[in-house]
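From a predicted model like this one, the values you see are computed outputs, not experimental measurements. Numbers restart at 1 for each chain; the letters A, B, ... are given by sequence-line order, proteins then strands. Computation of the quantities below employed the complete heavy-atom set of this structure, encompassing side-chain atoms and omitting hydrogens, waters and symmetry-equivalent molecules.
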There are 2 protein chains.
Amino acid sequence: MELTDRQKQILRAIVDIYVSTAEPVGSKAIAALPDVKFSSATIRNEMAELTQMGLLEQPHTSAGRIPSPAGYRLYIDELMQDYRLSLDETRTLSEALELKSQEFDRMMSQVGKLVSKMTNLPAYTVATRQSEAVARHFDLIMTAPGSIILVLMLSGDVVKNKLLKLPVHVTEQELKLLAAVLNASLTDLTAEEIGGDLLEKISRSAGAAAPLVPLVMDFTLECLRQQHGDVHLTGQMRLLGQPEYRDAAEKAQEVFETLDEEMLTKLPAVLPKDGPVQFLVGPENVARELKDTSVVMMRFDIGDGMQGTIGVVGPTRMDYAKITAKLGYFAENLGRMFQKGGNATAQTPALPDGAKDTDS
Amino acid sequence: MELTDRQKQILRAIVDIYVSTAEPVGSKAIAALPDVKFSSATIRNEMAELTQMGLLEQPHTSAGRIPSPAGYRLYIDELMQDYRLSLDETRTLSEALELKSQEFDRMMSQVGKLVSKMTNLPAYTVATRQSEAVARHFDLIMTAPGSIILVLMLSGDVVKNKLLKLPVHVTEQELKLLAAVLNASLTDLTAEEIGGDLLEKISRSAGAAAPLVPLVMDFTLECLRQQHGDVHLTGQMRLLGQPEYRDAAEKAQEVFETLDEEMLTKLPAVLPKDGPVQFLVGPENVARELKDTSVVMMRFDIGDGMQGTIGVVGPTRMDYAKITAKLGYFAENLGRMFQKGGNATAQTPALPDGAKDTDS
DNA sequence: CTTAGCACTCTTTCCTTCTGAGTGCCAATA
DNA sequence: TATTGGCACTCAGAAGGAAAGAGTGCTAAG
């Protein structure tokens, strides 16, 4: 049951139109397209056929057609045309990408905001650890008597810190010693490799700073066990800009109750190992609450066992082509930034310049 | 034009009822209250009077009354009864406050989430710097050849870090030297006190690591100039749970377009120096878009020149008493945590146990 | 195989009517 | 004089239709 070229053309047209109007598409609307050479009656017949095949749906008898989830899937997999960013868009994007030099976490959060702004949809970012984490470096800094900051550097260039308040008094000298011991014995070990005997051993070598050791160990283990960085979800409210949520506040609320941080951290796992982009369309999604909601995710490489994911949440009717293009641009640039270096400022890559642009 | 006791009683009743029902309050509803000893006709007369004074409003001729912004203001300033958290609530709150030991920034974000969950409204947290920031400690850690992490500790126990990628090769030894130089000459200086000659001086002493110096300086200055930490705004969607926004997605969207991060960072500044809590009611707010929206903010002390703010965003009709109580509980505990120490785990303070509890 | 035409369906919109909550005012009452 | 019961009046919102319009499926002709 392969589709004929004409059927493909019609399906594509329906998705394209529906994506931008959010209204069911009638046969006349398609017949009116410049490169459609057949009549609305023919289109009606084909549409009946496509509906039969489960690629289209009819909200009610006398309405036009909308794509079914299967229809979207086919569109995404086979019919979608590469959306080319217009010159204007690339310019805006690369300006936006000139992230203020910042810490990693802040940058991820900023990227999320940018993506959300550019797509006018909710967006999120996560950093996921690919390989087992190990500690790379310990640092103990006294800020006031009894107040110590532990700075812990992990693989993946992740830096964590924690304020430790201490009942006993410790001198600067003793702190230095403890830091040295930690760096000597606790680095380059995975969480599993750190056993109980190590705690004792370190405590013995730590002298007066020994009471600090369990606190440090706890925090270290906690950090090592953390599989992913913070989830930065922003622009939730933009979902309300979409017609399907405009008067369905409840639905929008449900979406984010389901799509909480936990869920979002798990999503990157479904990304296929090879492809950098993944579409979760409607009911393919795990939860029923997300029936009309889709997620587009894209992965980029951070290096050193870490991997970033940017995602966009929107109605199932969303402009997959455009969003994929935009996400792709971000992912490419971010990947470049992390790989090649340069101090966290984006390059402007050569991109094919723009064609059609219908604003979402 | 002082209010009589009876007028006060009526105004208070109207606010109390309206807050929980979100419906205009009629004279009968008030007359039905157990401790109201006069008839609905009398109440009607008083209500007409209060309306005259601008404390009440009438959505339309044949509807009940709702408090005007001035009415809320008077309620908050004079009429509001202390809401006592019930035992159940304090238990839930103190369980919630057992924050996972974490870095400061994460904790602030977690607090925001908790507050939002407890109040069922959007909430935010910010840390604001009260005094001029200075650097306390520098640390340079090589993670790979050409890849260096700068860890910078500021006053207020704030830790920042940044990945520096370096074109030239630098040895561990040279990095140590540079760190020592930085710690000797760049600490305890405010942004203003760091001048151009310092850059040169440090570069000269830095030897082979000299190319790093401007990068470090830039980042340092950037951090020192930062007046506040990240804003953590969460639970925006909960605003939709409120009847006034239920079918007014647009309005909800506008609220957060206006109340963006920039705005939120500025809000704590309006907090009076003495009181720890501040109410922004409807039109008192800066922007017209926030007409029906109010913000309750509470400050808590972090120590070392830093100050935290937690805030809740909601409809002007919100349960100020209850929200103040809950925020107060958080603020108190957080203050305690930061002041006294203990490793970032909340104590359960003795609180008067509960009375009335109408769920919002 | 395609197309024009037409009857039919069903949503959406616009009116109209109706209901009920709540008011303001007046006259009676304590 | 302050309070109260009573009553006419107002107005938003619900409920019920009627009309409009978009789009379909089917049939018969090209």
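Between the side chain of S62(A) and the base of dT9(C) there is at least one donor-acceptor pair of N/O atoms closer than 3.5 Å. Counting distance only, with no hydrogens placed and no angle test, the side-chain atoms of R65(B) and the base atoms of dG24(C) include no donor-acceptor pair under 3.5 Å.
Put simply, CD1 on I66(B) is 14 Å from P on dG22(C), counting in whole angstrom units. Rounding to whole angstrom units, NE2 of residue H60(A) and P of dG23(D) are separated by 9 Å. Going from atom CD of E49(A) over to atom P of dC26(D) covers 13 Å, rounded to whole Å. As rounded to whole Å, 11 Å separates atom P of dA2(D) from atom CD of E46(B). Following rounding to the nearest Å, N45(A) (CG) and dT24(D) (P) show an atom-to-atom distance of 11 Å. Between F38(A) atom CZ and dT3(C) atom C1' there is a gap of 13 Å when expressed in whole angstrom units. Between the CZ atom of R6(B) and the C1' atom of dT1(D) there is a distance of 12 Å, rounded to whole Å. I43(A) has its CD1 atom 12 Å from the P atom of dG23(D), to the nearest Å.
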Q: Start with the C-alpha distance between Q81(A) and Y75(A), add both sets of side-chain angles, then the distance that settles side-chain hydrogen bond (donor to acceptor under 3.5 Å, both in side chains), and finish with yes or no.
A: CA-CA 9 Å; Q81(A) 320 237 6; Y75(A) 172 85; over 6 Å; no
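Among the protein residues, S27(A) comes within range of the sugar-phosphate backbone only, with heavy atoms under 4.0 Å from sugar or phosphate atoms but none that close to a base.
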